[in-house]
4 protein chains.
Amino acid sequence: MPKTNLKTDDQDDAEVADVGGVSGARLKSFIERVERLEEEKKSLAEDIKDVYGEAKATGFDAKIMRKIVSLRKSNLEKRREEQELLDLYMSAIGMVE
Amino acid sequence: MPKTNLKTDDQDDAEVADVGGVSGARLKSFIERVERLEEEKKSLAEDIKDVYGEAKATGFDAKIMRKIVSLRKSNLEKRREEQELLDLYMSAIGMVE
Amino acid sequence: MPKTNLKTDDQDDAEVADVGGVSGARLKSFIERVERLEEEKKSLAEDIKDVYGEAKATGFDAKIMRKIVSLRKSNLEKRREEQELLDLYMSAIGMVE
Amino acid sequence: MPKTNLKTDDQDDAEVADVGGVSGARLKSFIERVERLEEEKKSLAEDIKDVYGEAKATGFDAKIMRKIVSLRKSNLEKRREEQELLDLYMSAIGMVE
DNA sequence: ACCGTGGTTAGCTTTC
DNA sequence: GAAAGCTAACCACGGT
């Protein structure tokens, strides 16, 4: 069973207590940092979309472009994974450094 | 972060000549802009993950935090949608522009 | 069709109505089919896990095996995607099939 | 469906000899069993998708159906506890109802 | 203009 | 407790 104890009873209540007090303020700060970062991320997603739009206006096919980007990325990932597999083999047969 | 340079690939830079009237150089430029932006996006995703990790180290439950962020976001969206509906109503009765 | 009836709120009743009646029975039937299929899917996931366990008991490294399976799969997918890209190029330059 | 045969790959079947005392043939057998099971799993996933499609064609809302399935699966007790903790956190940052 | 579809992303589970 | 793989929701796009 997953054993996800959400209540965190073992921890001292002083850590998450002070409802509306200092711990609440810290939590709020964390939340807002996350929200700020997610906004920036969303903004970048829009920039990417704009680049595709611009390319399209120049006469390029966005669908093809996306496929190229995707293939280039998967090339890199595949190469990395193959290296990992190689490392695994080497450690499996005791050729570790 | 290990600075994974997406631009590195097998394709030879010399081969970006025009093909069938298509400017290879321009296409390459678009592709690289997209890749650059996607790297930044990925970097932000890692930053977000770090914030959750930091909060967790402080004693907060990341799962709950994600739920809170999600709720706040949907609250905002709902409010925005309600505003849009209100705008629609107002334009419907001629109270706009 | 003349949409003269302003009280359109009840319009969907013919499709999903009969709560507890015949439509409810159909919905229930769909739900149960899904649940049955998901059980089978879960069962297969366990079978897969068992195979890895068996292999491990035989002396193989499950982590390596998973990586091999993953690489073989991505080889296939990459090949398929490259073909799709080729098709896209061909249709883009009018060499449609 | 495009009949993606997972077993086909670049590796030559003749190269499955023992390497460092490892039975290549046995490993290959395990890998192929996994791939076969994963194909079946994928097939079931498609069946499920089909059921949702069929239900949709009958007039049901697939999104709602998925939610129903999900709810039936989830543990109500656990969800209540999560909600309680969530309420606590929300009051901590002033998002009281 | 809408539907269906594919791709993307976030969340959950399980593993190490 | 961190990391990865899997699953499910979301969104944007093209076809009809």
Side-chain angles (χ1 to χ4, degrees), chain A residues 1-6 8 10-11 34 37-38 41-42 44-46 48-50 52-53 56 61-67 69-71 73-74 77 80-81 84 88 91, chain B residues 34 38 41-42 44-46 48-50 52-71 73-74 77, chain C residues 34 37-38 41-42 44-46 48-49 52-53 56 61-67 69-71 73-74 77 80-81 84 88 91, chain D residues 1-2 34 37-38 41-42 44-46 48-50 52-54 56-57 61-71 73-75 78-79 82:
Chain A
M1 224 222 312
K3 182 85 174 61
T4 56
N5 187 2
L6 283 172
T8 62
D10 291 339
Q11 275 88 40
V34 168
L37 291 167
E38 288 195 342
K41 195 150 72 82
K42 187 182 174 186
L44 278 174
E46 282 160 9
I48 291 169
K49 201 184 156 189
D50 289 346
Y52 280 120
K56 188 174 195 171
D61 183 323
K63 190 175 177 183
I64 290 181
M65 286 179 62
R66 285 179 190 274
K67 187 126 313 210
V69 170
S70 162
L71 278 175
K73 185 157 163 258
S74 79
E77 282 168 359
R80 183 180 49 75
E81 287 201 336
E84 282 173 5
L88 276 173
S91 71
Chain B
V34 168
E38 287 194 345
K41 194 149 71 84
K42 187 182 174 187
L44 279 173
E46 283 161 8
I48 290 170
K49 201 184 159 193
D50 290 345
Y52 280 119
E54 198 182 326
K56 189 172 198 172
T58 315
F60 293 110
D61 184 322
K63 186 177 175 182
I64 299 295
M65 285 180 63
R66 285 178 188 276
K67 201 153 289 201
I68 291 170
V69 170
S70 162
L71 275 175
K73 186 158 163 259
S74 76
E77 281 166 0
Chain C
V34 168
L37 291 167
E38 287 196 344
K41 193 150 71 86
K42 187 182 174 186
L44 279 173
E46 282 160 9
I48 291 170
K49 202 184 157 190
Y52 280 120
K56 188 174 195 171
D61 184 324
K63 191 174 175 183
I64 289 180
M65 287 179 61
R66 284 179 189 276
K67 186 127 308 210
V69 170
S70 160
L71 277 176
K73 186 157 163 260
S74 79
E77 281 169 359
R80 185 179 47 74
E81 287 203 337
E84 282 173 5
L88 275 174
S91 71
Chain D
M1 197 177 54
V34 168
L37 291 167
E38 287 194 345
K41 192 151 73 84
K42 187 182 174 187
L44 278 173
E46 282 161 9
I48 290 170
K49 201 183 160 191
D50 289 346
Y52 281 119
E54 197 182 328
K56 188 174 196 171
D61 183 325
K63 189 174 177 182
I64 300 290
M65 286 180 62
R66 284 177 189 277
K67 197 147 291 199
I68 291 170
V69 171
S70 161
L71 276 176
K73 216 193 298 176
S74 77
N75 187 319
K78 190 163 155 295
R79 288 185 66 251
E82 281 180 1

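Residue numbers start from 1 in every chain, and the chains themselves are labelled A, B, ... in the order their sequence lines are given, proteins ahead of strands.
Contact check on K73(C) versus E38(D) returns no salt bridge, with no Lys/Arg side-chain nitrogen under 4.0 Å from an Asp/Glu carboxylate oxygen.
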Problem set entry | Nucleotide-resolved protein contact map, nucleotides 4-16 of chain F, B/S/- at heavy-atom distance under 4.0 Å | ---SSSS--SS--
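Distance D50(D) CG to dG4(E) P: 13 Å, rounded to the nearest Å. The distance between atom CD of E46(A) and atom C1' of dT9(E), rounded to the nearest whole Å, is 15 Å. To the nearest angstrom, C1' of dG7(E) lies 12 Å from CZ of R80(C).
In this structure K67(B) satisfies the salt bridge (charged side-chain N to carboxylate O under 4.0 Å, His left out) test together with E82(D), sequence neighbours excluded. Partners of S74(A) according to the side-chain contact (heavy atoms from CB on, under 4.5 Å) rule, which considers only residues two or more places apart in sequence or in another chain, are L71(A), K78(C). Applying the salt bridge (charged side-chain N to carboxylate O under 4.0 Å, His left out) criterion to E81(A), with sequence neighbours excluded, gives no partner residue. Annotation: side-chain contact (heavy atoms from CB on, under 4.5 Å) contacts of D50(D) (sequence neighbours excluded): D47(D). Under the rule for a salt bridge (charged side-chain N to carboxylate O under 4.0 Å, His left out), the partners of E54(D) that lie at least two apart in sequence or sit in another chain are R33(C). Judged as a salt bridge (charged side-chain N to carboxylate O under 4.0 Å, His left out), and not counting sequence neighbours, the contacts of R80(A) are E84(A). For K41(C), the side-chain contact (heavy atoms from CB on, under 4.5 Å) partners two or more places apart in sequence, or in a different chain, are K41(D), L44(D), A45(D), I48(D).
If one axis is set at each end of the helix from dA1(E)-dT16(F) to dC16(E)-dG1(F) from five pairs, those axes are 0° apart, to 10°.
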